[in-house]
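Quantities reported herein were computed from a predicted structural model and do not represent experimental measurements. Keep in mind that the numbers below use all heavy atoms, side chains included, and drop hydrogens, waters and symmetry copies. As the structure lists them, so they are numbered: ligands from 1, and atoms in each ligand from 1.
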Amino acid sequence: MSQNKYRPATQLIHQGKDRDPATGASTIPIYQASTYHHDGGAPGGYDYARSGNPSREQVEEAIALLEGGVRGFAYASGMAAIGSVLSLLKSGDHLIASADLYGGTWRFITGVLPQQGVTFELVDTTDADAVREAITPQTRALFLETPSNPLFQITDLRVMAEIARDNGLFSVLDNTFMTPLLQRPLDLGIDISIHSATKFLGGHSDILAGLATTADPVLGKRLKYFQNAFGAVLSPFDSFLLSRGIKTLKVRLGESQDSAQVLAERLSTHPAIARVWYPGLAGFEARERHFSQASGAGAVFSFEVKDEHHVTGLLQKAKLPIIAPSLGGVETILTHCWSMSHAAIPEKDKIRQGISKKLLRISIGLEDIEDLWEDLEAGLS
Ligand SMILES: Cc1ncc(COP(=O)(O)O)c(C=O)c1O
């Protein structure tokens with residue numbers, strides 16, 4: 001990839017290819033084709049769209065470029081990316097995963113993998129000794145989220161990469177919250193980085209998409225085989241929208257992160273708020289660890305209100321945020337984790353994890369910050 005030499009802001013714009021090789025068009029067109037002519041019976045560069053499509057290749061090259069991977073993969077959703085990557089595991093294998101996880105990932109690991117004969121243990125991955133102790137002769141992989149969703153637990157990625165290497169495991173990080181701009185897991189030794197590109201990378205709450213990349217050519221080959229065999233690939237149209245979203249990631253994320261910092265600080269002193277979880281706050285307990293591996297705090301934070309009536313007040317009175325289970329859009333998104341993003345997790349497990357009915361997560365968009373503040377204050381009054 002000739003764009004390797006450029007800095008991230010330039011890579012976001014120019015991506016894998018910065019113009020259509022066939023026509024010179026300023027964007028890679030939506031190659032809406034399921035199959036390709038085999039001239040004289042011989043395949044050309046492409047043969048069938050599940051195996052390869054120029055629109056999809058654009059974002060696959062982009063994610064590899066942005067995170068220092070040798071190859072990238074685009075899937076129909078973040079969960080399709082997670083499911084496809086974890087299908088590298090086979091019956092009899094054991095997986096260790098962070099205990100605080102996005103609800104859909106929790107459902108896949110605890111509900112689907114066991115049906116395929118893969119056992120698992122959910123561990124507090126902020127505790128390296130607990131991870132070491134959980135390793136069995138059957139353990140093959142380590143699945144991580146940092147910051148975790150929704151409780152912002154910070155796992156030391158360098159230490160996890162070392163544990164994985166020493167024990168012959170492959171390590172996977174869901175890098176959705178940070179994006180390639182704020183955290184580059186492959187540089188820290190993680191084997192596979194995954195994104196729900198539905199979030200910041202797409203950026204406009206108008207597509208579902210998943211991305212994965214690895215710096216290991218052998219893993220890359222296996223992921224390619226599984227992506228083609230499983231077929232949960234990103235469509236040409238959604239690839240086009242994702243490529244377009246990626247171009248503006250730096251300005252969107254920078255602006256949203258600045259606003260998140262101010263709003264998290266203001267909320268942390270608001271009388272209706274019990275606690276705010278955001279790595280950008282001076283009192284955030286794992287702040288040093290977070291900033292040893294990430295260059296920003298991101299644009300999402302969680303907070304707990306003092307009384308459940310504040311939850312109802314916010315969900316009913318706040319006018320600007322879309323109340324929904326997502327994040328990373330141009331609009332602010334307010335999530336009631338208990339009933340939305342983490343609905344798949346049974347009540348007793350949520351309580352054990354520390355997810356209460358009073359917990360909310362907010363992803364700050366691009367609205368004027370004072371409008372957002374007035375809206376949140378009105379919701380909490
Ligand atoms: C951290 C994280 N990972 C993965 C996913 C799943 O992605 P998708 O909804 O694109 O399947 C989500 C969705 O909310 C998420 O927040």
- side-chain hydrogen bond (donor to acceptor under 3.5 Å, both in side chains) between Thr155 and Thr146: does it pass, once the steps are laid out? CA-CA 6 Å; Thr155 293; Thr146 184; 4.8 Å; no

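- In this structure, the protein non-hydrogen atom closest to atom 7 (O) of ligand 1 is Ser196 OG, 2.9 Å.
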- Evaluate the side chain to side chain contact (heavy atoms under 4.5 Å, CB included) criterion for residues Trp106 and Leu122: first the C-alpha distance (whole Å), next the side-chain angles of each, then the deciding distance (0.1 Å), finally the verdict. CA-CA 9 Å; Trp106 186 94; Leu122 301 180; 3.4 Å; yes

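- When Arg361, Lys199, His342 are checked for heavy-atom proximity to atom 14 (O) of ligand 1, Lys199 turns out nearest.
- Note: an N/O pair closer than 3.5 Å links Asp174 and ligand 1 by distance alone.
- Hydrophobic clustering, defined by side-chain heavy atoms of Ile, Leu, Val, Met, Phe, Trp and Tyr closer than 4.5 Å, groups Tyr46 together with Tyr36.
- For the residues Thr176, Asn149, Leu211, Leu208, the heavy atom positioned nearest atom 16 (O) of ligand 1 is part of Asn149.
- The closest non-hydrogen atom to atom 11 (O) of ligand 1, taken over Met178, Met79, Met340, Glu145, comes from Met79.
- Atom CZ of Arg71 sits about 8.5 Å away from atom CD of Glu60, to the nearest 0.5 Å.
- The number of heavy-atom neighbours closer than 6.0 Å to CG of Asp166, taken from other residues, nucleotides and ligands shown, is above 12.
- The protein heavy atom nearest to atom 6 (C) of ligand 1 is Tyr102 CE2, 3.4 Å.
- The hydrophobic cluster around Val123 extends to Ile96, Val131, Ile135, Leu142, Leu144, Leu157, Val159, Met160, Ile163, Leu169, Leu173, Leu188, Ile190, counting ILVMFWY residues whose side-chain heavy atoms fall within less than 4.5 Å of a member.
- Shown in contact with Thr198 at under 4.0 Å from a heavy atom are these atoms of ligand 1, numbered in order with element: 8 (P), 10 (O).
- Of all atoms in ligand 1, listed by their number and element, those nearer than 4.0 Å to a heavy atom of Gly78 are 7 (O), 8 (P), 10 (O), 11 (O).
- Every N/O-N/O distance between Leu327 and ligand 1 stays at or above 3.5 Å.
- The number of heavy atoms from other shown groups lying within 6.0 Å of NZ (Lys250) does not exceed 12.
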